[in-house]
Structures are given as C-alpha cells and as structure tokens.
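See below for the structure under consideration.
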Amino acid sequence: MNTTSNSLFSLDASYVKQFQEQLLTWYSENKRTLPWRENQDPYRVWVSEIMLQQTRVDTVIPYFERFTSLFPTLEDLAYADEEKVLKAWEGLGYYSRVRNLQTAVKEVCESYGGKVPDTPKEIAGLKGVGPYTAGAILSIAYGIPEPAVDGNVMRVLSRILLIDEDISKPRTRILFEKGVRELISHEDPSSFNQAMMELGALICTPKSPACLLCPMRELCKGFNQGMQHELPVKLGKTKVRKAKMSAGILSGEDGRFLIHKRPSEGLLANMWEFPNTEYVGENKNAETEALKGYLDQNIGVKVVLEEKAGYIEHVFSHLKWEINIWQGKLLEDIEELPKDWKWVTADELDQYPFPVSHQKIIRLIKEEIIV
DNA sequence: AACCCGGGGGT
DNA sequence: ACCCCAGGGTT
C-alpha cells in the first residue's frame, strides 16, 4: 500500500513513457481490422461499445454490420420501431442494452441536437452508458483522455502492476481508473484504451497468457514475479438456479400458433415466446397441469395437450430452464385474445423477436411438426 | 453491496 | 463443467 506516495502505483515518468511506447507500438502493428474502426463516428463507436458489453468481438461483428446497415445514423435508430430494433438484436442477449440505447439516442436527438455529447457528465447521464462506455466513447470517438476500464483492462493492469484486489468488487474498478489516469497517453487516448483491451484479448488472455509474445513483458511486475497465472484475483460465486418449465405449441383451426409478448420489464423484456410457465413437483401431471392452468388463467381457455413434442435445456448466466414442450389444441374458440397474445403462422414466426430458448421451439415446429 | 440481465466460445 | 466476455441497472 502506497500511502506516502502521491502517485498511487509509484509510477515514475520514465516507466509511464516506456509503458505508452511499448503498448502503442505493439498496437499499431497488431491491431485487428474491425468494422467500428473504419471511422470515429461517435454513433458507430457507441453502438459497438454497447454490443461489446459482455460479448465477444467475433460474435459482435456480423450484428454490428447488420445493425448499422439497418440503422445507419443516430436519427434512424431514434425513430425506428422498437420491435424492428429488438429483431436486429435477436440472439445477442442482454436485450435491455438495445432498449436503453434507443432511449438514449432519442435523448441525444431531443436534448443535444443529435450530436453525441462529449463531456463525462452529459454522456454518463445517458441510459445504458456506465463508466466504461462513457470513457470508451469519449476516448475513442473524441480523443479525450478518460479511462475505459473493462474486464480486459483489469486483467492486464492487475498483472502488469501486480494488483491483487478482488476485481469482482465495484470499488476495485475505481482503483484501476486511477492507474489508467496515470498511464494514459494524452497524445492518443483512443489508441491507448483500445490497445489495453486488444492486448487483453490477444496476448494477456485469462487462462494462458502469451507472455513470451507480450510487448509489456519487461514492464510487467506480475510476469517478473511469476504471478501472472494467479492474477487477476476474482472472488465470488455463481450459483445457477434450475427452473422446470412447460411450454405449449398450441395450434388453432387454421394451423396458426399461439404466441405471447413478455412484459416490458425483467427477464427477456418485450421478447416473444410460446406460452409457458414454471412448475414445481416431480409427478408427471404437474408438468401439464401447470401449463393448462396458466392458459386458463391468462386467456380463459381450456386446452388439451396431446403429445409431448420435445425437451429443451437453456442455460442463462444465473438460471437454467428445463423446458418440456407439449403440442396441443384449444378446446373452445376464443372471441378475442388479450393484449400481447397473438395467433401467427409458422412463416410469420420469423418476424417476431424470440429469445434463443424459444427459437429452439420454432426449430422443432419447422423440422418435426410440419402442420 | 448484491442481485438481475443472454448467449456463446474457450479450456 | 466452468469461466469469461470492450458492463449497466435496480434495489
């Protein structure tokens, strides 16, 4: 603990200069060609940063191409139909990201004349823009020397500076931001921040870092003390709750299927799904009775579940769905479906945003049932 | 501070 | 099976 030094990590000027030179030289020679690096359009930088939250570069690339082609400018996104926007995000996960993004670009249109703000306070005030994303946009799009500390940066810096604070604690990010403020290049903040992340992605990887290829090796306290494999320190648990679910592929007289739009808050908000409910209990009937009860309660109709159509498992970061899928029919006609319920044909299913778990059910319909 | 929020790929 | 990913919002 450096309580006497006014420099938190005892980083003298020559260390900082070497750090920047080694890092920026390596980056200029090794950076990947990525679609969001084609220019510095703040809107495109913003979209990329939101997509990249908790999501790998290789996954994001095709989504970014398609999304920016559908919504080329900030105004295009601001005035787009939310369902179209969700559809463009389908499969990426964390769907609140794009709902918040659309809220935020509307705010930029209304309050900032359509120009993405360039001050920390204004930009951090936008929905879905936290400390990382604020720093990323300010540095990458506007060249402002703000830290952008993500998981890569914490891993890289924890090794180079030999910091063994628990990176799962929120306050630890603040510590790393102070480190970046001491190290960041004021000549090229954009490249500096991107280089830290690029190094984390390509060299200083979580499991087996390629220290022998690393441009920072001689400056790396972790490597020099043989501690690179012990860092970063990350504590905390992840326990996954299991939920037993029953879902219905329910068809009407005309061969359409019944689907439901999820509530505007919570898990998979505003996404569509096949009617389903969680049940408890082991006996065989619990599975079907729960689904029948759910449908009776929500649309006031009795159904018959004729045949088990399959079983699907879907794992979230915090939850595992074990879904029994039943094929069935309504026992009576229904005058008018409640809001958020619809009859759609098999072809029309493609127009609605479904989470991957329910895309698996669509696959069952198209491959097996063939109505 | 603790919990919620998806999905995929690497090991 | 477990980890982690260019994190943020809510309570």
Side-chain angles (χ1 to χ4, degrees), chain A residues 31-32 34-37 44-64 86 89-101 103-104 123-141 147-156 166-174 176-177 180 190 192-202 204-209 229 232 234-241 262-271 273 313-321 353-360:
Chain A
K31 66 179 173 188
R32 291 167 289 183
L34 299 171
W36 47 91
R37 287 180 178 162
R44 288 168 61 91
V45 171
W46 187 0
V47 170
S48 75
E49 291 304 337
I50 300 299
M51 285 190 172
L52 286 161
Q53 288 170 7
Q54 300 302 104
T55 312
R56 286 167 205 282
V57 165
D58 291 339
T59 303
V60 165
I61 290 172
Y63 279 94
F64 180 83
L86 269 179
W89 207 267
E90 182 186 69
L92 254 190
Y94 286 129
Y95 301 96
S96 67
R97 288 186 293 177
V98 76
R99 299 195 302 124
N100 290 338
L101 175 60
T103 301
I123 202 159
L126 297 169
K127 199 82 171 169
V129 178
Y132 163 75
T133 305
I137 297 173
L138 289 170
S139 61
I140 297 171
V149 173
D150 71 337
N152 283 307
V153 173
M154 288 198 282
R155 183 174 60 257
V156 168
D166 176 9
I167 67 166
S168 66
K169 293 202 178 308
R171 75 154 61 83
T172 304
R173 197 200 70 249
I174 311 284
F176 283 103
E177 287 175 350
V180 171
S190 168
F192 182 93
N193 280 341
Q194 292 186 78
M196 290 290 283
M197 296 187 275
E198 199 83 341
L199 190 70
L202 300 180
C204 197
T205 52
K207 295 294 182 187
S208 34
H229 297 292
K234 185 171 189 175
L235 307 176
K237 284 287 157 295
T238 50
K239 53 178 170 200
V240 177
R241 187 177 77 87
R262 296 176 61 89
S264 61
E265 293 183 350
L267 182 65
L268 302 169
N270 287 358
M271 303 289 282
E273 65 183 2
E313 292 184 342
H314 190 80
V315 180
F316 302 86
S317 45
H318 59 296
L319 181 66
K320 179 178 180 182
W321 277 353
F354 284 88
V356 168
S357 49
H358 285 245
Q359 289 176 35
K360 293 173 182 172

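A, B, ... follow the sequence lines: proteins, then strands. Residue 1 opens every chain. These numbers come from the heavy atoms of this one structure, side chains and all, not from hydrogens, waters or symmetry mates.
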Any-strand Watson-Crick or G-U partner of C:dT11, both distances under 3.5 Å
B:dA1
Measure from CZ on A:F176 to C1' on C:dG7 and round the result to the nearest Å.
16 Å
Would you please say whether a donor-acceptor pair under 3.5 Å links the side chains of A:R97 and A:Q54?
no
Indicate whether OP1 or OP2 belonging to C:dC5 is found under 4.0 Å from a side-chain N or O atom of A:Y94.
no
Quick check on C:dC5: is either OP1 or OP2 less than 4.0 Å from any side-chain nitrogen or oxygen of A:K207?
no
Candidates C:dA6, B:dG6, B:dG7 - which lies nearest the side chain of A:P355:
B:dG7
Starting at atom CD of A:Q54, determine the distance to atom C1' of B:dC4, rounded to an integer number of angstrom.
13 Å
Of the listed C:dG7, B:dC5, C:dG9, the closest approach to the A:K127 side chain comes from C:dG9
Specify the separation, in whole Å, of atom CG of A:N100 and atom C1' of B:dG6.
15 Å
Hydrogens and angles aside, do A:Y132 and A:E49 bring a side-chain donor and acceptor to less than 3.5 Å of each other?
yes
Which word best sums up how the rings of A:H318 and A:F316 line up, parallel for under 30°, tilted for 30 to 60°, or perpendicular for over 60°?
tilted
When the P atoms of C:dT11 and B:dG6 are compared, how many Å lie between them, rounded to an integer?
15 Å
Categorize A:G91 for me: base, sugar-phosphate, or nothing, with a 4.0 angstrom heavy-atom threshold over every strand shown.
sugar-phosphate
Any A:H318 side-chain nitrogen or oxygen under 4.0 Å from OP1 or OP2 of B:dC4
no
Between A:R56 (CZ) and C:dC5 (C1'), how many Å, whole number?
5 Å
Whole-Å P distance, C:dA6 and B:dC3
25 Å
For A:L268 and A:P170, find the nucleotide of DNA chain B closest to each by heavy atoms; which residue's nucleotide sits nearer the 5' end?
A:P170
Validation row, ring centre A:W89 to ring centre A:Y94 under 6.0 Å:
no
Checking all strands, does A:L92 fall into the base, sugar-phosphate, or nothing category for heavy-atom contacts under 4.0 angstrom?
base
Out of B:dG8, C:dG8, C:dC4, which nucleotide sits closest to the side chain of A:T59?
B:dG8
With sugar-phosphate meaning primed atoms plus P, OP1 and OP2, does A:W46 contact a base, only sugar-phosphate, or nothing at under 4.0 Å between heavy atoms?
nothing
Report yes if a donor N or O on one partner sits less than 3.5 Å from an acceptor N or O on the other, where the partners are the side chain of A:S96 and the base of C:dG8; otherwise report no.
no
Counting only N and O atoms by type, is there a donor-acceptor contact under 3.5 Å from the side chain of A:Y63 to the main-chain atoms of A:E90?
yes
A:F354 CZ to B:dG7 P: how many Å, rounded?
13 Å
Does any donor-acceptor pair link the side chain of A:S317 with the base of B:dG6 at a separation under 3.5 Å?
yes
Backbone N or O of A:K234 within a donor-acceptor pair of the A:S168 side chain at under 3.5 Å?
no
Assess whether a salt bridge exists between A:E273 and A:R262, defined as any Lys/Arg side-chain N lying under 4.0 Å from an Asp/Glu carboxylate O.
yes
Answer with base, sugar-phosphate or nothing: what part of the nucleic acid does A:R37 contact at a heavy-atom distance below 4.0 Å?
base
Under 4.0 Å, heavy atoms only, any strand: does A:F316 hit a base, just the sugar-phosphate, or nothing?
sugar-phosphate
Sugar-phosphate only, base, or nothing, as touched by A:V153 at under 4.0 Å among non-hydrogen atoms
nothing
Counting heavy atoms from C-beta on, name the nucleotide in C:dG8, C:dA6, B:dG7 closest to the side chain of A:A201.
C:dA6
So, is A:T133 close to the C:dG8 phosphate, meaning a side-chain N or O under 4.0 Å from OP1 or OP2?
yes
Which is more 5' along DNA chain C, the nucleotide nearest A:E198 or the one nearest A:E265? Just name the residue.
A:E198
Nucleotide B:dC3, atom C1' - distance to CG of A:L319 in whole Å
13 Å
Within the modelled atom types, does a donor on one side and an acceptor on the other bring the side chain of A:R97 and the base of B:dC5 under 3.5 Å apart?
no
Assign A:R155 to base, sugar-phosphate, or nothing according to its heavy-atom contacts below 4.0 angstrom with the strands shown.
sugar-phosphate
What contact category does A:K169 fall into here, base, sugar-phosphate, or nothing, at under 4.0 angstrom with non-hydrogen atoms?
nothing
Nucleotide C:dG8, atom P - distance to CG of A:L101 in whole Å
13 Å
Using the closest heavy atom to pick a nucleotide of DNA chain C for each, name whichever of A:L126 or A:L34 lands nearer the 5' end.
A:L34
If I take atom CG in residue A:L235 and atom P in nucleotide C:dC3, what distance separates them, rounded to the nearest angstrom?
12 Å
